[in-house]
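See below for the structure under consideration.
Owing to the predicted nature of the structure, the values given are computational and were not obtained by experimental measurement.
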Amino acid sequence: MAPSNPTPDGPRRQPSASPVPSPWAVSPDGGRPEGRNCSHVAALPASPETPHDVCTHCRALGWTWTGLRWCAACGHVGCCDSSRGQHAYAHHARTGHPVVLSLAPDEPWAWCFVDEVFLVRDP
């Protein structure tokens, strides 16, 4: 029986599908050098998936919060760095999950803790 693959380089592979472009881009920042990037941008969803509208950690402590952030890796919702608990950052520090999206309707951005860049939705 003849070999099923006549090429010496191994099996022929189908070309992979083109990756879907991310709806996110690194925000220009005049205070930082050109060429900043985020190694996590390709994995970000266009928007959060039905997040909680509270910081459950603050609520359990009887605290209020200023803004909410949604973890793009697992969906955890925590309060922002301007809030007393800073639970979104604490979640990143504990888990290493790199990116949070702002849940404020007037804040269409994300933050990458690892690469220290703001991400904005690409028009």
Side-chain angles (χ1 to χ4, degrees):
M1 179 184 263
S4 61
N5 182 4
T7 66
D9 297 329
R12 293 180 191 243
R13 294 189 176 107
Q14 294 293 327
S16 60
S18 298
V20 176
S22 173
W24 296 93
V26 174
S27 175
D29 183 346
R32 296 185 186 219
E34 291 297 320
R36 301 278 301 186
N37 60 28
C38 175
S39 56
H40 310 95
V41 71
L44 295 181
S47 61
E49 299 173 13
T50 58
H52 298 288
D53 59 351
V54 300
C55 176
T56 56
H57 305 290
C58 284
R59 177 178 268 177
L61 295 167
W63 297 350
T64 59
W65 53 88
T66 304
L68 297 173
R69 308 293 181 249
W70 180 80
C71 175
C74 71
H76 173 269
V77 174
C79 59
C80 69
D81 286 357
S82 298
S83 299
R84 180 178 179 183
Q86 299 180 349
H87 291 113
Y89 178 78
H91 174 75
H92 158 71
R94 186 174 59 257
T95 64
H97 295 167
V99 180
V100 292
L101 280 69
S102 174
L103 293 180
D106 61 338
E107 295 178 346
W109 54 261
W111 172 255
C112 180
F113 291 108
V114 174
D115 297 315
E116 296 184 339
V117 292
F118 274 104
L119 303 166
V120 292
R121 286 189 178 89
D122 216 4

To the nearest 0.5 angstrom, please state how far the OG atom of Ser39 sits from the CG atom of Asp115. 4.0 Å

With rounding to the nearest 0.5 Å, note down the distance linking CH2 in Trp111 to SG in Cys38. 10.0 Å

Under 3.5 Å, which donor-acceptor pairs link side chains of residues 101-109 to any protein atom two or more places apart or in another chain?
| residue | atom | partner | partner atom | Å |
| --- | --- | --- | --- | --- |
| Ser102 | OG | Arg69 | NH1 | 3.3 |
| Ser102 | OG | Ala104 | N | 3.3 |
| Ser102 | OG | Glu107 | OE1 | 2.6 |
| Glu107 | OE1 | Arg69 | NH1 | 3.4 |

Quick one: closest heavy-atom pair of Pro98 and Val114, and the distance? CB-CG2, 3.7 Å

Any idea which heavy atoms bring Trp65 and Cys58 closest together, and the distance? CE3-CB, 3.6 Å

Would you mind listing every side-chain hydrogen bond (donor to acceptor under 3.5 Å, both in side chains) that reaches into residues 80-90, with sequence neighbours excluded? none

Same cluster (ILVMFWY, side-chain, under 4.5 Å), Trp70 and Val54: yes

Looking only at non-hydrogen atoms, find the nearest pair between Val100 and Cys71 and report the distance. CG1-CA, 4.2 Å

Please name all residues satisfying ring-ring contact (aromatic ring centres under 6.0 Å, His included) with His76, sequence neighbours left out, ordered by chain then number. His57, His91

Locate the shortest heavy-atom distance separating Leu44 from Pro23; write the atom from each residue and the value. O-CD, 4.4 Å

Donor-acceptor pair, side chain of His92 and main chain of His97, under 3.5 angstrom: yes

